[in-house]
Amino acid sequence: MLQIAEIRENKDVFAKALQKRNIDALPLLENAIKVDEQRRSIQGQLDETLAKSNKLSKEIGELYKSGKAAEANELKKQTADLKESSKQLGDQLNEAVVKLQTLLYEIPNIPQESVPAGNTDEDNEVVSQHGEIPVLHEGAKPHWELVKDYDIIDFELGNKITGAGFPVYKNKGARLQRALINYFLDKNTEAGYDEMQVPHLVNEASGYGTGQLPDKEGQMYHVGVDDLYLIPTGEVPITNIYRDTILEAKDFPITMTGYTPCFRREAGSYGSDVRGLNRLHQFDKVEILRIEHPDKSDGALDAMVVHVKGILEELELPYRILRLCGGDLGFTSTLTYDFEVYSTAQEKWLEVSSVSNFKTFQANRLKLRYRAEKGTELAHTLNGSALALPRILASILENYQTTDGIKIPKVLIPYCGFDTID
RNA sequence: GGAGAAGUGGCAGAGUGGUCGAAUGCACUGGUCUUGAAAACCAGCGAGGGUCACACCUCCAGGGGUUCGAAUCCCUUCUUCUCCGCCA
């Protein structure tokens, strides 16, 4: 959520930057400013009323103490009006605050200068491409056939137990899955990220903190009886560790990693995009997060990109890096790099990581600040996947297939304990 | 799940209807002293709104209520602790 004080000062700049998202934000911003003015005016009146009644109350107290009960009772009569109007003003203030809040929730984050203009994922800018796209043997198959042939992932079983999008990983498939999680966590902790193991269900406040609520409510599974949400990403619980926190400047940077399953309803998805492992209701992901001083967040994003590159290089998968265009940029992000791995058998690029700088957008909701020279300032938050499992798994299976079985990438062999799936 | 107790500033811990945004100690910051450090002493030190800056307003787990006035009384939710029960 943007800060109203910032909006007040940078209305036109913000509106211009938001054009990259193909929205005309000026009316939204102006409306927010208007409501904020109302809010401040009401607040002023309320404060004045409260100041008066505070003063009266003090006088009444002193009169009682000095035994002048009659005079005190006289003053009491004056408080009734004040009480009534402060109640009314309080209600009005509340209304204005909620209204402002609602408006602010609707305004997405300001894209950075470098974000390219564009509408859809076709307009994303390819920053770089790496690795060799392998030439597969005759009759190479997409992963959903391979997993059947080798009996390592069973979608039908998942259907039986739960429903579509909840696969069962079997034997070497399960082992490879575990290997990937451990490998990713090791890479991240070697790079200095502190490993966290967090709850997989979160409360409403956490959902608001990272921005899943109120707008993406439909994407999360909700446990009604206990009013808890299954996490759609580890970002939610891990970032919320620092909700309502004031850091010291020396605490920066805070770097964390964690493995969690992720649960997404994916309402409205269909077609070949959801085939096999391409889109699931439950999947595994290892996440990296950083909390940074505002001066350092741009550099931190670059460092995260380098880190994810390193992992993909080790896995020897062909990949490319995209800078998301304004139309494809997530609501809460100022700048996002997507990593896509090439699936040779499907002949398409699969997104395996998304690395973003949210600047103060999440921190404002989280009330995540640090002590600055004077007062407190909002910190910057960043996160990225390092990495999401299913599509990495899919591309390993597809790109490493041979007529003698599926080879395991060298770095994973020690984690798996085997070098071929056959 | 049942019974009881409790939730106050970074931490510890006073405060049970007015002068309390809150004693005191620790921690922290600045200063004096010292060759330097420690100790001692002096000063400062929560957050949010508001203002050019003050003033002023709000916040003592969350929400609601009583009262001229609430950290303090009442209701409710949450959390923690103790005992009992159940249990991976």
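What you are looking at is a predicted structure, and each value in this text was computed from that prediction instead of being measured. Chain naming here is simple, since letters A, B, ... match the order of the sequence lines and numbering starts at 1 in each.
Separation of the C1' atoms belonging to rC81(B) and rA61(B) is 15 Å when rounded to the nearest angstrom. Look at the P atom in both rA70(B) and rG62(B): the space between them is 16 Å, to the nearest Å. rG50(B) sits 11 Å from rU58(B) when the C1' atoms are compared, rounded to a whole Å. Look at the C1' atom in both rC86(B) and rG2(B): the space between them is 11 Å, to the nearest Å. Nucleotides rC20(B) and rG65(B) place their C1' atoms 22 Å apart, quoted to the nearest Å. Between rU8(B) and rG4(B), the two P atoms lie 22 Å apart (nearest whole Å). Between rA38(B) and rC56(B), the distance separating the two P atoms is 39 Å to the nearest Å. To the nearest whole angstrom, the two P atoms, one in rU77(B) and one in rC87(B), are 28 Å apart.
Looking at residues two or more places apart in sequence or on another chain, you find a salt bridge (charged side-chain N to carboxylate O under 4.0 Å, His left out) between E74(A) and K77(A). For the ring-ring contact (aromatic ring centres under 6.0 Å, His included) test, no residue two or more places apart in sequence or in another chain qualifies with F358(A). For K250(A), the salt bridge (charged side-chain N to carboxylate O under 4.0 Å, His left out) criterion is met by no residue, not counting sequence neighbours. In terms of the salt bridge (charged side-chain N to carboxylate O under 4.0 Å, His left out) criterion, residue partners of E314(A) (sequence neighbours excluded) are, by chain and number, K187(A).
As judged by a 4.0 angstrom heavy-atom cut-off over every strand, T79(A) is placed among residues touching the sugar-phosphate backbone only. Among the atoms of the strands shown, none is found under 4.0 Å from any heavy atom of N73(A). Across all strands shown, L50(A) has heavy atoms under 4.0 Å from sugar-phosphate atoms exclusively, and none from any base. Heavy atoms of T376(A) sit under 4.0 angstrom from primed sugar atoms or phosphate atoms, though from no base atom.
For E248(A), the CD atom counts as densely surrounded, since its 6.0 Å shell holds more than 12 non-hydrogen atoms of other residues, nucleotides or ligands.
Within residues 241-256 of chain A, the residues that have a heavy atom under 4.0 Å from RNA chain B are, in order of number, I246(A).
Nucleotides of RNA chain B lying under 4.0 Å from heavy atoms of chain A occupy a range whose first and last members, 5' to 3', are rG18(B) to rG69(B).
Mapping K55(A) and N94(A) onto RNA chain B by nearest heavy atom places K55(A) at the nucleotide closer to the 5' end.
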